[in-house]
Each structure stands twice: as C-alpha cells, then as structure tokens.
S.K.: 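Before I ask anything, here is the structure I am working with.
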There are 2 protein chains.
Amino acid sequence: MLDYDFDESIGYWLTVTTQRYHRAFNDALVPYGITFRQSQVLGWLALEGELSQAELAGKMMIEPPTLVRILDRMERDGLIRRRPCPTDRRRKLIGVTAKAKPVWAKIVECAKGIRARATDGLTDRQQATLKKLLGRVHQNLLLTPPTELSDR
Amino acid sequence: MLDYDFDESIGYWLTVTTQRYHRAFNDALVPYGITFRQSQVLGWLALEGELSQAELAGKMMIEPPTLVRILDRMERDGLIRRRPCPTDRRRKLIGVTAKAKPVWAKIVECAKGIRARATDGLTDRQQATLKKLLGRVHQNLLLTPPTELSDR
DNA sequence: GACAATTCGTTAGCCTGCTAACTATTAGCG
DNA sequence: CGCTAATAGTTAGCAGGCTAACGAATTGTC
C-alpha cells in the first residue's frame, strides 16, 4: 500500500492553513477591489517609498515575472505608477498614486482584523513560537537541495 | 504613514514558508514529471481507493473546479482514470492506472526527504507544537467571518 | 407522480505562482 | 575603447487557486 499520511505532514497543515488565510484575506478585501498581493505591494511602498520592481519582488519573496502582472493590474486600476529611473534606464520605480492612499488605511484595518481572527486563542508566547518555528522551516528549505554531488 | 509590519505578521511567515515548501516539493518531483498536487491525488487514492471528485476535493481541501483541471492533466498523462459511477450517473470515480503505481513509490521517498529537510533541527515536540498551532489558526479561519449581522 | 431543491462535474474568467527565453541597458575587465 | 557578463523588465507557456453559472441527474416533498 505504501501509505503516506498527509494528515500527519507539516506540509499538509502548512498548505491548508495558508490557503485559508489567503482566502480570508482576499474575502475581506473584496469591498475595496484589491487582493492580498496588491495590498502587500501597497504595504511595502508605504513603508519604503518608491522601489524598483526587482527590489519589490525581493521584499515580497516572489519572482519578478510574477510581480509584473500584479503591477500591470494595479497600474490599470490606477493604484500605482511606473516611473523610469533617472539614473538607470533599465529600472522602473514603482510609486503609489493619490487614489491608493485612502485604500491603504482600509487595508491596515482589514489586515489587523484578519490577524486577530487568525491568532484568536493564542497567547503572545504561542504566536512568537509559531513564527519562530515557521522561520526555521523556511530557513531549512532555503538551502540548496541535497542534489547528489553538485557538478560545478 | 500608517505602517503595517508584514515581517511581524503570521500571514507573512505562513505565505513564504508554504511557498518555499511547495517549490521544494515540486522541484523534487520534476524527475517524475508530476507536481505536488498530483502527488497528493495519488496519495489519497492509494489510501482510500477509488473516490469521486467531490470526495477527493474534500480530502484535499480545494474546490471541485480546481480539481477538475488537475485531474484533466493527470488523465491526459495516463496517471488516473475517470469511471462513471454505476449507482449515480452524476458521479465519476477516480482510480489510479497501472502506470501510476511505480511513480507512487518514488513519491513516498521524495515526500519523506522533503519532510525531513523541512523539519531539520526541530524536535518531535516542536513539530507537534507547530502542527497544533497551525491547526488552531486553520480552525480560527474556518469560522464564518464576523460579517456584521448575518442577514438570514 | 410531479415539481422544487440539491448535488456532481464542468466551463469560463480572473488572479497568482513558476521557468525559460528575449530585449535593453549597465557593469566589468582586458 | 570594446567585448563579455550580468542585470532589469517583459513575454509566453504551464500549473494551480477562486467564484459564478450551467446542464444533467438525484433527492425531497407535497
């Protein structure tokens, strides 16, 4: 039978919990017409000011091609602006528009609500533990996979 | 500024860790020509035998339309078979093909490897804690969102 | 027995992930 | 200076997530 317990796997719980989290977040954002990833873009821009696409992709831990289409939609909806970098003609600087600013205030409320809901019943210590354990798993998986004898 | 610490958010760690996990899993499965979700389908079928699509979607915690395309690809690749249910003409029973069986043995090895890598440095107690905390977050987010005054 | 409500699988349309490959530009080095 | 290498953004193509809406079949109810 070669059975393998998905229920017992960390990966299973990681998957279903994250899925649930994103769904809750996206549902909460529907009234404002944006998505989880779009809110994250606005979040980083609010924190850091203008960023290039590569920098933003780095902060969000996604690949640049993934970011391109997220930004395309946000630009289409008038939430962000792409501006050519004055010193490097390859780069484009991403900035928020005036239209996005009031949206951002709503998102912060939303995010706090979801976070509170997600961590309901968990003590501060437990939340810290959860983050620490997730951080360790993340770190473990960042390392290059143990391919037999890297050939370079 | 209305800043909101993505770094401090459970959602951030959930997102990046899960992404990393899926990427590691998919990378490891490339030699066998299948993906994480496809391996999960084979896993549940190995455990439970033939299942309808609705049952399978329930086990995998995804929506039926999402499953349809996953199964389409697996059927195209000859890994599974859709068989009309003899007692209910709406249902289709999903079963693995002979071609899929040797693949499944490989997947189990793979999955164990990834799981070991992900949990490297974590004690059994810490792994249990992680699963318990994830389970609680998942449970919290399953509840219907606190929409103001459900109107029915 | 007939009609309404429900369930099953599917399709269409949207958003998000990835890799590979391309163009344009900049950086590095002989 | 000039050529190679690296970098920034994009496109194309694939896989996976969702909701809304549909036809076919079954269930429930009067």
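The chains referred to below are lettered A, B, ... by the order of the sequence lines, with proteins before strands, and numbering in each begins at 1. All heavy atoms count here, side chains included; hydrogens, waters and symmetry mates do not.
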S.K.: For T35(A), give me all partners under side-chain contact (heavy atoms from CB on, under 4.5 Å), at least two apart in sequence or on another chain.
M.R.: N26(A), R37(A), Q38(A)
S.K.: Looking at residues at least two apart in the chain, or sitting in another chain, which of them share a side-chain contact (heavy atoms from CB on, under 4.5 Å) with E63(A)?
M.R.: P65(A), T66(A), R23(B)
S.K.: State which residues pass side-chain contact (heavy atoms from CB on, under 4.5 Å) with R81(A); sequence neighbours excluded, sorted by chain then number.
M.R.: T97(A)
S.K.: Mapping D72(A) and D88(B) onto DNA chain D by nearest heavy atom, which one lands closer to the 5' end?
M.R.: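 Mapping each residue to its closest nucleotide by heavy atoms, the 5'-most match is D72(A).
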S.K.: Using OP1 and OP2 only, check whether a side-chain N or O of R89(A) sits under 4.0 Å from dT26(C).
M.R.: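 For R89(A), the contact criterion (side-chain N or O under 4.0 Å from OP1 or OP2 of dT26(C)) is met.
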S.K.: Does R91(B) reach the side chain of S52(B), with side-chain heavy atoms less than 4.5 Å apart?
M.R.: yes
S.K.: List the residues meeting side-chain contact (heavy atoms from CB on, under 4.5 Å) with A28(A), not counting sequence neighbours, and say none if there are none.
M.R.: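 Partners of A28(A) by the side-chain contact (heavy atoms from CB on, under 4.5 Å) criterion, ordered by chain and then number, come out as C110(A), I114(A).
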S.K.: Residues in side chain to side chain donor-acceptor pair (under 3.5 Å) with D77(A), at least two apart?
M.R.: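 Residues passing side chain to side chain donor-acceptor pair (under 3.5 Å) with D77(A): none at all.
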S.K.: So what is the end-to-end bend of the helix from dG1(C)-dC30(D) to dG30(C)-dC1(D), with 5 pairs used at each end and the value given to 10 degrees?
M.R.: 20°
S.K.: Going by the rule salt bridge (charged side-chain N to carboxylate O under 4.0 Å, His left out), which residues pair with R82(A) if we only count those two or more places apart in sequence or in a different chain?
M.R.: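 Counting only residues at least two positions away or on another chain, R82(A) forms a salt bridge (charged side-chain N to carboxylate O under 4.0 Å, His left out) with D72(A), E75(A).
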S.K.: List the protein contact pattern of nucleotides 14-24 of chain C with one symbol per nucleotide (5' to 3'): B for base contact, S for sugar-phosphate-only contact, - for none; contact means a heavy-atom distance under 4.0 Å.
M.R.: -SBBBBB---B
S.K.: Taking only residues two or more places apart in sequence, or in another chain, which ones meet R73(B) in a salt bridge (charged side-chain N to carboxylate O under 4.0 Å, His left out)?
M.R.: none
S.K.: Excluding sequence neighbours, so at least two apart, what forms salt bridge (charged side-chain N to carboxylate O under 4.0 Å, His left out) with R89(B)?
M.R.: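 Partners of R89(B) by the salt bridge (charged side-chain N to carboxylate O under 4.0 Å, His left out) criterion come out as none, since no residue qualifies.
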S.K.: Using a heavy-atom cut-off of 4.0 Å to chain B, what are the terminal contacting nucleotides of DNA chain D, in 5' to 3' order?
M.R.: dA15(D) to dT26(D)
S.K.: The criterion is salt bridge (charged side-chain N to carboxylate O under 4.0 Å, His left out); which residues satisfy it with K59(B), sequence neighbours excluded?
M.R.: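 Scan of K59(B) (salt bridge (charged side-chain N to carboxylate O under 4.0 Å, His left out), adjacent residues dropped) gives E48(B).
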S.K.: Within the structure, does a side-chain N or O atom of R82(B) lie under 4.0 Å from either OP1 or OP2 of dT10(C)?
M.R.: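 Affirmative; the distance criterion is met.
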S.K.: Output the rounded distance in Å from CG (L93(B)) to C1' (dG9(C)).
M.R.: 13 Å
